[in-house]
Student: 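Please see the structure below; I have some questions.
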Amino acid sequence: MALHMRLERISSPLLPIVKLMEETVADPLNLDELVTLSGISRRHLERLFQQHLGMSPQRFYRQLRIERAHALLENSMIPIIDVAVAAGFVSPSHFAKVYKAFMGCTPQETRTGRRRDGGSVDSFRERALAMSAAA
């Protein structure tokens with residue numbers, strides 16, 4: 001889901017936390033750091049994310065990181081290892097695994113626009129719309 005659409009659904013206590021997450025995608029904060037910086041208890045933070053976004057803070061952060069990586073893969077020729085680092089992943093293999101689990105294709109397949117089975121890779125917008133409709 002695009003940031004402006006996501007922000008429309010976010011309650012005001014979450015807004016500064018989500019902005020902080022957006023700003024630290026390349027060097028993600030752990031949940032304890034988010035709790036400390038937000039001044040909200042860990043459990044309350046988890047409840048707010050679940051209530052307003054339908055997912056845990058960790059999953060939301062991972063989604064942000066994959067969105068950043070996807071945009072870089074589609075709109076630049078930056079080497080995949082540098083895309084992984086820009087999205088906060090220290091291991092290219094871990095990045096590829098998480099990316100494929102979320103997107104249904106590898107980073108290389110996104111870059112080329114073709115899956116190994118010969119099918120085309122859905123655009124991120126199509127995938128996000130399908131996920132929104134299913135929710």
Side-chain angles (χ1 to χ4, degrees):
M1 176 182 302
L3 177 59
H4 70 279
M5 293 172 65
R6 188 170 40 240
L7 293 178
E8 290 173 2
R9 294 177 36 195
I10 295 176
S11 71
S12 55
L14 279 182
L15 195 54
I17 299 165
V18 169
K19 286 182 179 181
L20 181 62
M21 291 171 133
E22 287 274 350
E23 294 167 0
T24 58
V25 166
D27 191 16
L29 303 170
N30 65 41
L31 189 56
D32 290 333
E33 291 169 316
L34 287 172
V35 165
T36 300
L37 292 170
S38 70
I40 298 173
S41 76
R42 181 183 186 113
R43 182 66 190 123
H44 187 60
L45 183 66
E46 290 170 341
R47 271 195 304 266
L48 286 171
F49 268 87
Q50 195 62 49
Q51 178 183 359
H52 295 281
L53 298 170
M55 63 185 79
S56 70
Q58 297 92 330
R59 176 151 175 84
F60 181 79
Y61 219 161
R62 188 170 37 251
Q63 181 177 325
L64 286 178
R65 294 164 63 202
I66 294 299
E67 287 176 10
R68 168 78 52 88
H70 187 80
L72 290 171
L73 289 168
E74 284 196 328
N75 301 310
S76 75
M77 289 309 296
I78 297 171
I80 292 175
I81 191 166
D82 293 338
V83 170
V85 171
F89 292 90
V90 293
S91 162
S93 61
H94 178 64
F95 165 63
K97 180 181 174 183
V98 172
Y99 187 90
K100 185 170 184 172
F102 187 84
M103 297 302 296
C105 61
T106 67
Q108 184 63 39
E109 290 168 342
T110 294
R111 169 119 329 139
T112 62
R114 303 297 294 167
R115 293 194 320 239
R116 287 190 182 151
D117 64 9
S120 66
V121 174
D122 293 338
S123 75
F124 186 75
R125 179 176 296 224
E126 292 168 350
R127 185 166 171 77
L129 288 173
M131 290 174 72
S132 296

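Values in this document were obtained by computation on a predicted structure and should not be read as measured data.
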Student: Donor-acceptor pair, distance only, cut-off 3.5 Å: does the side chain of Glu109 make one with the backbone of Thr106?
Tutor: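 Between the backbone of Thr106 and the side chain of Glu109 there is a qualifying donor-acceptor contact (under 3.5 Å).
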
Student: So do Ile40 and Leu48 actually touch side chain to side chain, heavy atoms under 4.5 Å?
Tutor: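 Yes - at least one pair of side-chain heavy atoms lies under 4.5 Å apart.
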
Student: Are Arg47 and Gln50 close enough that some pair of their side-chain heavy atoms sits under 4.5 Å apart?
Tutor: no

Student: Determine which pairs satisfy side-chain hydrogen bond (donor to acceptor under 3.5 Å, both in side chains) with at least one residue from residues 75-89, sequence neighbours left out, and list them in order.
Tutor: none

Student: With side chains defined as the heavy atoms from C-beta onward, is the minimum distance between Met77 and Arg111 less than 4.5 Å?
Tutor: yes

Student: Between side-chain atoms of residues 84-97 and protein atoms elsewhere (two or more places apart, or another chain), which donor-acceptor pairs fall under 3.5 Å?
Tutor:
{"residue": "Ser91", "atom": "OG", "partner": "Ser93", "partner atom": "N", "Å": "3.4"}
{"residue": "Ser91", "atom": "OG", "partner": "Ser93", "partner atom": "OG", "Å": "2.9"}
{"residue": "Ser91", "atom": "OG", "partner": "His94", "partner atom": "N", "Å": "3.2"}

Student: Is any side-chain heavy atom of Leu45 closer than 4.5 Å to one of Leu31?
Tutor: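 Answer yes - side chains close enough.
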
Student: For a 4.5 angstrom cut-off between non-hydrogen side-chain atoms, does Pro107 reach Val83?
Tutor: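 In short, these two side chains do not touch, never coming nearer than 4.5 Å.
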
Student: With sequence neighbours left out, what residues match Thr24 under side-chain hydrogen bond (donor to acceptor under 3.5 Å, both in side chains)?
Tutor: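 Once residues adjacent in sequence are excluded, the partners of Thr24 under the side-chain hydrogen bond (donor to acceptor under 3.5 Å, both in side chains) criterion are Tyr61.
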
Student: What pairs with Arg42 under salt bridge (Lys or Arg N to Asp or Glu O under 4.0 Å), at least two apart in sequence or on another chain?
Tutor: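 So Arg42 forms a salt bridge (Lys or Arg N to Asp or Glu O under 4.0 Å) with Asp32, Glu46.
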
Student: First locate atom NE2 of His70, then atom OG1 of Thr110, and finally report the distance between them rounded to the nearest 0.5 Å.
Tutor: 5.5 Å

Student: Rounded to the nearest 0.5 Å, how far apart are CZ of Arg65 and CE of Met21?
Tutor: 10.0 Å

Student: If you draw a 6.0 Å radius around CD1 in Ile81, do more than 12 non-hydrogen atoms from other residues or ligands fall strictly inside?
Tutor: no

Student: Measure from the side-chain N and O atoms of Glu74 to the backbone N and O of Ala71, and report whether any donor-acceptor pair falls under 3.5 Å.
Tutor: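 Here the side-chain-to-backbone pair does not exist.
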
Student: Please report the interatomic distance CZ(Phe49) to CZ(Arg59), rounded to the nearest 0.5 Å.
Tutor: 13.5 Å

Student: Nearest 0.5 angstrom please: Leu73 CG to Ile66 CD1, how far?
Tutor: 9.0 Å

Student: At what distance, to the nearest 0.5 angstrom, does CZ of Arg62 lie from CD of Glu67?
Tutor: 12.5 Å

Student: Kindly compute the distance separating NZ (Lys100) from SG (Cys105), expressed to the nearest 0.5 Å.
Tutor: 8.5 Å

